[in-house]
Amino acid sequence: MLELLAENRCFGGVHRRYRHSSTALGCPMVFAVFLPPRALAGEAVPALWWLSGLTCTDENVMQKSGMQRRAAALGLAVVAPDTSPRGPEVPTDPDGAWDFGHGAGFYVNATEAPWSRHYRMGTYVSEELPALVEAELPLTDRRGISGHSMGGHGALVTALRHPGRYRSVSAFAPICRPSACPWGEKAFARYLGPDRARWQEWDACGLIAQASERLPLLVDQGSADPFLESQLQPQALAAAAEAAGHPLTLRLLDGYDHSYFFIASFIDDHLDHHAAALLA
């Protein structure tokens, strides 16, 4: 059951925030959705699922990207989940670190205690929340998926792990090889345990070699991103895609950084990429 928290008219459509009780995560969760004018007129529409990055919530993309204008014109909904389970019952980093725990679920299904009780974001974003919103809101089951940074990792991995569930995928500055970068190594060691072979089940570079579906990937990366070499490693994704023969458009955009200024500059390109598949 959805509890409406807020509603704002926007470009002829509507932005809403909802709360619901998540079985997968064992806690209440908040998410946002933008419904275009067609949906308000009674037409079921396809949706782009947006996964946000470290420390973010549903509010970042809805307030900073400017995606509503183009989504309204195209007739696409946008669904923005939170980035992790939250609440006093949900464990987090004991030292209050920003890159683990609350706000840093990494879109995996944790297997290690105490994280495995709540940190099942993989199941939440790919199964539980889509089933709920498609039953309660005017959305079809035609889905695209995108995201930023940790959420870009989540978008790539979620699409690769679930062939046939999405019709399009893209990412902004994704963490391309989390099993071999500081952010990912910290999170995976705690959520998934010490066996690095198991980490490959949640690593886009590991998954792409065995993918049974070849959805074209659109990835944008700013050349002035301070995390480019140490954390994001798009060259590893390019090498994995080339080796597997997987279609990838990787754009290195001169002078852009890791911020939502970068995302706002190119979000229309991504919406058009998804619309070509979702509205065909």
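- Residues Phe172 and His258 place their aromatic rings such that the two centres sit no closer than 6.0 Å.
- Salt-bridge formation is not detected for the pair Glu7/Arg17: no Lys NZ or Arg NE/NH1/NH2 atom is positioned less than 4.0 Å from an Asp or Glu carboxylate oxygen.
- Under the 6.0 Å cut-off for aromatic ring centres, Trp202 and Tyr191 do not qualify, their centroids lying 6.0 Å or more apart.
- Because its NZ or CZ atom is both nearer than 6.0 Å to the ring centre of Phe100 and within 45° of the ring axis, Arg190 counts as a cation-pi partner of that residue.
- What you find for Pro130 and Arg143 is that their closest heavy atoms are CB-NE, 4.1 Å.
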Does Thr123 form a side chain to side chain donor-acceptor pair (under 3.5 Å) with Asn109? I'd like the steps, not just the answer. CA-CA 7 Å; Thr123 293; Asn109 286 342; 2.9 Å; yes
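- Here the options are Leu139, Leu279, Thr140, the test is side-chain contact (heavy atoms from CB on, under 4.5 Å), and the partner is Val45; only Leu139 passes.
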Under the ring-ring contact (aromatic ring centres under 6.0 Å, His included) rule, what do Tyr256 and Phe266 come out as? Steps first, then yes or no, please. CA-CA 11 Å; Tyr256 287 89; Phe266 299 100; 4.9 Å; yes
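- A side chain to side chain donor-acceptor pair (under 3.5 Å) with Ser179 holds for exactly one of Arg196, Glu201, Gln200; it is Gln200.
- Of all heavy-atom pairs spanning Leu132 and Met1, the tightest one is CD1-N, 4.3 Å.
- A salt bridge links Arg251 with Asp220: the distance from a Lys NZ or Arg NE/NH1/NH2 to an Asp or Glu carboxylate oxygen falls below 4.0 Å.
- Taking each heavy atom of Pro163 and Leu160 in turn, the nearest pair found is CD-O, 3.9 Å.
- Between His153 and Phe188, the angle of the ring planes lies from 30° to 60°, which puts this pair in the tilted group.
- For Phe262 and His148, the ring centers sit 6.0 Å or farther from each other.
- When only modelled atom types and interatomic distance are considered, Thr111 and Arg198 share a side-chain donor-acceptor pair under 3.5 Å.
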Please step through side chain to side chain donor-acceptor pair (under 3.5 Å) for the pair His102 and Ser84, ending with a clear verdict. CA-CA 6 Å; His102 290 185; Ser84 79; over 6 Å; no
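- Within the model, atoms CD of Glu128 and CE of Met29 stand 9.0 Å from one another, a figure rounded to the nearest 0.5 Å.
- Under the 30°/60° scheme for interplanar angles, the aromatic rings of Trp183 and Trp98 are found to stand perpendicular.
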